[in-house]
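Treat the numbers as computed from the prediction; the structure is a model and nothing was measured. Throughout, a chain's letter reflects where its sequence line sits, starting with A, and its residues are numbered from 1.
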Protein chains: 2
Amino acid sequence: MPVIKSSRDEAVDAIMREFRKFGYDAASLSRLSAATGLGKSSLYHYFPNGKEDMAKAAGARAVELVVEAVIEPLTGEGDLKARLNKTTTGLSKFYNGGKSSCLVDLFTIGEAEAATPGLAKAMAEALLRAFAGVAEEAGHPKKDAKNIAERAVIEIEGALVLARALGSTRPFQRMLARLPELLLEDGG
Amino acid sequence: MPVIKSSRDEAVDAIMREFRKFGYDAASLSRLSAATGLGKSSLYHYFPNGKEDMAKAAGARAVELVVEAVIEPLTGEGDLKARLNKTTTGLSKFYNGGKSSCLVDLFTIGEAEAATPGLAKAMAEALLRAFAGVAEEAGHPKKDAKNIAERAVIEIEGALVLARALGSTRPFQRMLARLPELLLEDGG
DNA sequence: TCCATTGTACCGAACGATTGGTATATTGGA
DNA sequence: TCCAATATACCAATCGTTCGGTACAATGGA
């Protein structure tokens with residue numbers, strides 16, 4: 001049964017896209033207004049505390065999507081390799097094949113951290129936990145698993161940065177291709 | 001013989017630090033003025049085209065420093081392992097042990113790209129070239145060398161992002177520790 | 001059934017503050 | 001006497017925000 005989206009949810013999605021495109025500071029209210037199709041004053045109806053609330057809502061939505069696309073496949077049940085496949089697919093979808101940025105990156109720059117305190121850290125830690133769990137499941141000792149998880153998150157974030165800088169999604173695609181073996185294989 | 005810094009050069013260094021702290025959009029003229037200790041008129045004396053010029057100068061200075069700290073050790077003469085040691089030391093210095101961000105990241109966000117077109121890409125490509133050269137020198141076939149270089153840059157950028165998000169330089173330190181073996185060893 | 005009331009969704013216009021930027025004047029060392 | 005360097009004063013534009021208000025649907029007592 002299809003859930004009917006309220007206008008607010010649509011606005012949040014558009015706002016999240018805008019923040020992921022421009023970062024917190026460059027995503028001005030006029031831009032957010034244009035992106036949502038809502039007047040600036042209307043945005044204050046849904047987000048009484050203004051830009052700060054919009055950033056919080058966008059962050060929460062991003063967390064939802066990451067949980068759905070990445071963390072649930074990772075921590076779910078069933079064959080490990082199949083779940084890793086779902087995970088790479090989920091990563092590709094959430095990051096738009098490497099074209100869309102990560103708020104772990106953008107929300108640790110400029111004034112964003114004040115608006116969404118702890119969000120980037122929480123998101124990063126959730127990913128670290130999920131990847132570490134998988135690495136342990138794959139047979140790595142606890143300490144190794146943590147290191148491997150860190151490398152996984154580093155590769156995701158780094159690939160997104162490099163893809164942005166080069167104007168090519170190739171680095172992100174290659175990173176996705178080697179992610180499963182990073183988590184599964186012995187010896188790094 | 002110590003080169004005497006002109007007031008402009010000192011300003012450029014301060015401006016670069018500011019851009020690396022806040023990103024392009026959040027580094028306002030008032031902040032840049034405070035950081036340099038120069039009034040607006042002085043800033044416009046040194047940088048006639050305003051913020052854009054400041055970003056260009058900061059970018060050029062960052063390139064200088066990266067060349068000196070990372071690329072020259074990599075492409076220089078002498079024992080390979082010794083040069084890699086210099087490189088990790090240089091990386092640690094330039095990125096302040098993981099506390100300072102990279103303009104390859106920050107200058108691909110918001111309005112920065114319009115002010116410094118191609119800069120982030122050029123910087124990323126310079127690093128890729130240097131790392132690929134080293135990987136080839138270490139015995140990797142050309143194609144593998146390119147992949148390894150890409151992974152090196154990805155790990156650097158990713159580690160900086162994660163360090164920022166977690167508020168800890170540990171991920172960056174661990175990344176530096178495994179960089180040499182990534183470039184030297186066979187099989188990734 | 002009528003209609004006053006309330007709540008939701010939205011908007012245009014304006015707010016004070018700050019943005020990046022300029023024009024003109026003054027200072028001070030070579 | 002230059003002229004680089006800095007100060008003072010100002011600008012239009014945009015920033016995030018708030019105000020006063022409209023349109024409309026839902027509610028509920030008489």
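Separating the CD atom of A/Glu111 from the P atom of D/dT17 is a distance of 12 Å, rounded to the nearest angstrom. For B/Arg31 and C/dG21, the CZ to P distance is 16 Å, given to the nearest whole Å. Atom CG in B/Asp25 sits about 11 Å away from atom P in D/dG16, given to the nearest Å. Here D/dT18 presents its P atom at 15 Å from NZ of A/Lys51, a figure rounded to the nearest Å. A/Phe47 has its CZ atom 12 Å from the P atom of C/dA9, to the nearest Å. Straight-line distance from the CZ atom of B/Arg8 to the C1' atom of D/dA5: 14 Å, rounded to whole Å. A/Glu10 has its CD atom 9 Å from the P atom of C/dC10, to the nearest Å.
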Could you list the donor-acceptor pairs under 3.5 angstrom formed by side chains in residues 100-120 of chain B, with sequence neighbours left out?
| unit_1 | atom_1 | unit_2 | atom_2 | d |
| --- | --- | --- | --- | --- |
| B/Ser101 | OG | B/Arg164 | NH1 | 3.0 |
| B/Asp105 | OD1 | A/Arg164 | NH2 | 2.7 |
| B/Asp105 | OD2 | B/Arg164 | NH1 | 3.4 |
| B/Asp105 | OD2 | B/Arg164 | NH2 | 3.2 |
| B/Thr108 | OG1 | A/Arg164 | NE | 3.1 |
| B/Thr108 | OG1 | A/Arg164 | NH2 | 3.2 |
| B/Thr108 | OG1 | B/Val104 | O | 3.1 |
| B/Thr108 | OG1 | B/Asp105 | O | 2.7 |
| B/Glu111 | OE2 | A/Arg31 | NH2 | 2.2 |
| B/Glu113 | OE2 | B/Gly118 | N | 3.0 |
| B/Thr116 | OG1 | B/Ala112 | O | 3.3 |

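Contacts of B/Tyr46 with the nucleic acid, taken as non-hydrogen atoms under 4.0 Å apart, involve only primed sugar atoms and P, OP1 or OP2.
Distances shown here put a side-chain N or O of B/Tyr44 below 4.0 Å from the OP1 or OP2 atom of C/dG21.
For residues 35-43 of chain A, proximity to DNA chain C is found at A/Gly37, A/Leu38, A/Gly39, A/Ser41, A/Ser42, defined as any non-hydrogen atom under 4.0 angstrom from a strand atom.
Closest to the side chain of B/His45, out of D/dT6, C/dT22, C/dC10, is D/dT6.
In this view, A/Ala35 and A/Glu18 satisfy the side chain to side chain contact (heavy atoms under 4.5 Å, CB included) rule, not counting sequence neighbours.
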For A/Glu181 and A/Arg178, run salt bridge (charged side-chain N to carboxylate O under 4.0 Å, His left out): C-alpha distance rounded to whole Å, both residues' side-chain angles, the deciding distance at 0.1 Å, then the answer. CA-CA 6 Å; A/Glu181 67 199 44; A/Arg178 66 176 170 264; over 6 Å; no
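Under the 6.0 Å distance and 45° angle rule, A/Lys99 does not count as a cation-pi partner of A/Phe172.
The closest donor-acceptor contact from the side chain of A/His140 to the backbone of A/Leu183 lies under 3.5 Å.
No side-chain heavy atom of A/Arg17 sits under 4.5 Å from any side-chain heavy atom of A/Arg20.
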